[in-house]
Amino acid sequence: MNALTQQEIDRLLDLAEEARDHSYAPYSKYHVGAALLTADGQVYQGCNIENAAFTPTNCAERTAFFKAVYDGHRAFKAIAIIATGEEMGFPCGVCRQVMAEFCDRDFIIITANKDRSKVDVSPFETLLPHSFGPKDLDV
Ligand code: THU
């Protein structure tokens, strides 16, 4: 079972909030930060990086995952995400599919609204049930 203490949740949210300050979002002005906890206890931060052509925009979650995977990490425990909305911002479908590549069903997704007055903690399985992943290709 993969459980986090309240202290770990708060720390990941702190780091996601810090990452949000790095966001490049001149078009949407919706700034997002993420903090990804690896299985061995390291944290990778990410932010959304937008583009004038729109399509190349990268979400905060994927920035964090790609940094970590580049460094050799393949197993993860949790991610915290905090944006600038009044409501919590849950990961988009593309980011959920990236999670499906590297995360187990009990990977924890923490989301918070801009001032952290609303926080949700959910296992990956509830955000993307019946996911398609490496197991389907016998990898
Ligand atoms: N965004 C994220 O960074 N993560 C999500 O899960 C949802 C959307 C970003 C992409 C874009 O820069 C902005 O939020 C508005 O969609």
Side-chain angles (χ1 to χ4, degrees):
M1 204 189 102
N2 180 16
L4 292 183
T5 64
Q6 188 59 48
Q7 199 181 8
E8 287 174 309
I9 290 171
D10 291 342
R11 176 167 169 268
L12 281 178
L13 281 170
D14 287 346
L15 292 168
E17 205 172 307
E18 183 185 282
R20 188 178 59 184
D21 293 339
H22 295 242
S23 160
Y24 175 74
Y27 307 106
S28 72
K29 299 184 172 39
Y30 183 76
H31 301 274
V32 190
L36 175 64
L37 179 63
T38 67
D40 64 1
Q42 295 182 52
V43 177
Y44 282 80
Q45 292 165 289
C47 63
N48 56 333
I49 303 168
E50 297 189 343
N51 189 282
F54 289 13
T55 315
T57 292
N58 206 57
C59 291
E61 298 91 318
R62 275 177 288 143
T63 302
F65 267 97
F66 295 158
K67 283 170 66 182
V69 171
Y70 177 87
D71 278 351
H73 296 280
R74 300 288 186 271
F76 302 95
K77 275 184 82 172
I79 191 167
I81 305 148
I82 183 162
T84 41
E86 296 294 339
E87 298 301 324
M88 297 176 286
F90 285 86
C92 78
V94 174
C95 289
R96 292 180 202 207
Q97 187 59 36
V98 169
M99 290 172 191
E101 188 67 26
F102 297 108
C103 302
D104 294 330
R105 296 149 60 102
D106 63 354
F107 176 73
I108 293 171
I109 295 153
I110 305 155
T111 52
N113 68 337
K114 65 176 183 184
D115 63 3
R116 287 160 68 161
S117 57
K118 295 177 186 175
V119 177
D120 180 85
V121 181
S122 294
F124 177 62
E125 169 68 7
T126 64
L127 268 64
L128 190 63
H130 309 296
S131 62
F132 183 84
K135 65 180 183 329
D136 298 295
L137 300 176
D138 294 326
V139 175

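What you see is a predicted model, and the numbers here were worked out from it, not measured in a lab. Read the numbers this way: they start at 1 and go in the same order the structure lists the ligands and their atoms.
By the 6.0 Å contact criterion, CZ on R105 is open, its count of non-hydrogen atoms from other residues, nucleotides or ligands being 12 or less.
For C95, the closest heavy-atom approach to ligand 1 does not fall below 4.0 Å. Residue-ligand proximity: A25 is placed with every non-hydrogen atom at 4.0 Å or more from ligand 1.
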Next item on the list: Could you walk me through whether E125 and D106 pass the side-chain contact (heavy atoms from CB on, under 4.5 Å) test, one step at a time?
Entry: CA-CA 7 Å; E125 169 68 7; D106 63 354; over 6 Å; no
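For atom 6 (O) of ligand 1, the nearest protein heavy atom (residue, atom name, distance) is E61 OE2, 2.7 Å. Summary of contacts: the protein heavy atom closest to atom 9 (C) of ligand 1 is N48 ND2, 3.6 Å. In this structure, the protein non-hydrogen atom closest to atom 1 (N) of ligand 1 is C59 SG, 3.6 Å.
For the residue pair T55 and N51, no side-chain donor N or O sits within less than 3.5 Å of a side-chain acceptor on the partner.
Near Y30, meaning under 4.0 Å from one of its heavy atoms, ligand 1 places the atoms 13 (C), 14 (O), 15 (C).
Distance check on atom 4 (N) of ligand 1: some protein heavy atom falls below the 4.0 Å cut-off.
Under the 4.0 Å criterion applied to side-chain N and carboxylate O atoms, K118 and E86 are not assigned as salt-bridge partners.
Residues I109 and L127 have side chains in contact (heavy-atom distance under 4.5 Å, counting atoms from C-beta outward).
Heavy-atom proximity to atom 11 (C) of ligand 1, evaluated over H31, E50, R20, R96, is greatest for E50.
Transitive grouping of hydrophobic side chains (ILVMFWY, heavy atoms separated by less than 4.5 Å) brings I81 and F107 into a common cluster.
Under 4.0 Å from ligand 1, the heavy atoms of F90 that appear belong solely to its backbone.
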